[in-house]
Amino acid sequence: MTDTRADMDQIATELLHLRRAELAKGDPVPLPITLAAMYHLPGDPAGARGYGRMDNPTWDGLEHALGHLEGATAIAFPSGMAAIAAAFFAVVRAGDKVIIPADGYYTTRLLADRFLKPLGVVVEERLTPAMAEGGFAGVRMVFLETPSNPGLDLCDIAGISEAAHAAGALVVVDNTTMTPYGQRPLDLGADLVAAADTKAPSGHSDVLMGHVTGRDADLMARVRDWRKISGAIPGPFEAWVTHRGLETLELRFSRMCASAAEVAARLQAHPKVRLVRYPGLPGDPGHNLCQSQMSTGGFLIGLTLDSEARAERFITGCAALQPATSFGGVHSSAERRARWGDAVAPGFVRLSVGIEPVAVLWDALRASLDDA
Ligand SMILES: *Cc1c(COP(=O)(O)O)cnc(C)c1O
């Protein structure tokens, strides 16, 4: 796996002390929440906070932390989809062609179908493992999601970025399933990252948030302009909750991924499980790429049982699983993705491993599988 562990440990440590340099004696150590539509603004408004749709000190705190994690400029959005929409609307124009994953987050495809196509954007879908096939001639933007949700297929971010750039295309990566601790798309050559902080970064399933990061000043100015003008702004309280979550992300993410690796191996050996998808498992179709571009196999596992009924019994019969959509929370959760129409087997379950001590979690999962 990529040797960014030591760097990320350094970054995780700095993250907890980022505000230190700004504090005056007597200031609160945690990030304050500022609720403000108006700022005191006599005379020339240049250089000062002007209005609540443009600026907020709590967003600044969150963006400072997110930007530090990715070594880039970060702009916060009120959901993952708001961030993804911002990446598209900041870049594409009528007549442009974009490539999106056919097997990624469903709502990204809806956005492309219902809002980009009618504006004259040409949308091509490719399966994640086949993203590079057909090349990128005439393409304006390649949008990747790796590992893809829910199938957990991978594509080569560095290789695709190189080929896309050579053809004049920009690369955007939805990094939701990995977080910056698991995968660093900007370091691999991507131009923008868009991600849902609703998932592991906030981590407690109590808030929606998203962000876009990038290192190109002009591109990020367009993303910021989109937020200011479209009004897709985060609430200060939600920004604060997300910032609080980020401070424990490294701890939660390491536990979740370590547990997921163990659970995936045990699931693979369970007689009721037909197929396990986990990029950290040797033999998984994504394993080699996982080793070259991810620091861990992640906390999501795809497992297929032999029927819808068995999968439902496994999910609802397990005392240590929340039957819920979404993922990345402290509590393990699972759902059958076919219930939303995803192109997966009826018995396919997306399992999000939480922070429960793994021996107890496994006992609960195994007991429910045995009975399913
Ligand atoms: C959840 C998710 C999103 C959307 O995030 P919201 O906060 O629900 O808008 C986007 N991409 C992926 C891969 C996701 O899992």
Side-chain angles (χ1 to χ4, degrees), residues 62 66 74-89 98 100-116 125 127-128 131 142-155 157 172-180 182-183 185 190 192-213 226-227 230 232-235 238-239 241-242 245-246 249 253 256 260 277 279 286 294 298-302 322 324-329 333-335 337 339-344 348-354:
L62 172 61
L66 287 167
I75 301 180
F77 285 90
S79 66
M81 279 315 303
I84 290 168
F88 278 111
F89 281 96
V98 302
I100 62 171
D103 51 352
Y105 191 66
Y106 177 54
T107 316
T108 301
R109 291 200 297 285
L110 290 183
L111 177 75
D113 269 355
R114 297 191 191 167
F115 294 95
L116 297 178
E125 293 186 7
L127 289 169
T128 293
M131 266 293 160
V142 184
F143 188 95
L144 309 177
E145 188 181 306
T146 176
S148 59
N149 169 23
L152 304 181
D153 273 311
L154 272 54
C155 61
I157 298 173
V172 181
V173 178
D174 181 336
N175 201 35
T176 302
T177 52
M178 283 318 290
T179 88
Q183 178 168 268
L192 293 175
V193 165
D197 298 309
T198 309
K199 314 288 169 56
S202 63
H204 295 70
S205 310
D206 50 11
V207 71
L208 280 89
M209 188 64 58
H211 72 267
V212 174
T213 45
W226 168 260
R227 179 175 72 178
S230 72
I233 58 164
E238 286 74 9
V241 174
T242 306
L246 272 189
L249 175 59
F253 187 72
M256 286 156 60
R277 287 302 309 271
M294 291 150 63
F299 55 82
L300 289 175
I301 300 172
Q322 292 293 332
T325 197
S326 196
F327 58 81
S333 65
E335 72 168 333
R337 285 304 303 180
R339 69 178 180 162
W340 299 106
D342 281 354
V344 290
F348 174 87
V349 175
R350 183 186 62 204
L351 171 64
S352 173
V353 175

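Order of appearance sets the numbers: ligands from 1, and atoms from 1 within every ligand. Keep in mind the model is a prediction, meaning the values are calculated, not measured. Keep in mind that the numbers below use all heavy atoms, side chains included, and drop hydrogens, waters and symmetry copies.
Contact check for Val212 versus Trp226: no side-chain heavy atoms found under the 4.5 Å cut-off. Side chains of Asn149 and Thr176 form no contact here, defined as non-hydrogen atoms less than 4.5 Å apart.
Taking every heavy atom of both residues into account, Arg350 and Phe327 meet most closely at CZ-CD2, 3.7 Å.
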Does ligand 1 have any N/O atom under 3.5 Å from a protein N/O, and what are those pairs and their distances?
unit_1   : atom_1 : unit_2 : atom_2 : d
ligand 1 : 7 (O)  : Gly80  : N      : 2.8
ligand 1 : 7 (O)  : Thr198 : OG1    : 2.6
ligand 1 : 9 (O)  : Gly80  : N      : 3.1
ligand 1 : 9 (O)  : Met81  : N      : 2.8
ligand 1 : 11 (N) : Asp174 : OD2    : 2.6
ligand 1 : 15 (O) : Asn149 : ND2    : 3.1
ligand 1 : 15 (O) : Lys199 : NZ     : 2.6

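Thr179 pairs by the side-chain hydrogen bond (donor to acceptor under 3.5 Å, both in side chains) definition with nothing, not counting sequence neighbours.
The aromatic ring centroids of Phe115 and Phe89 lie 6.0 Å or more from each other.
Side-chain contact annotation: Thr128 with Asp103, donor-acceptor N/O pair under 3.5 Å present.
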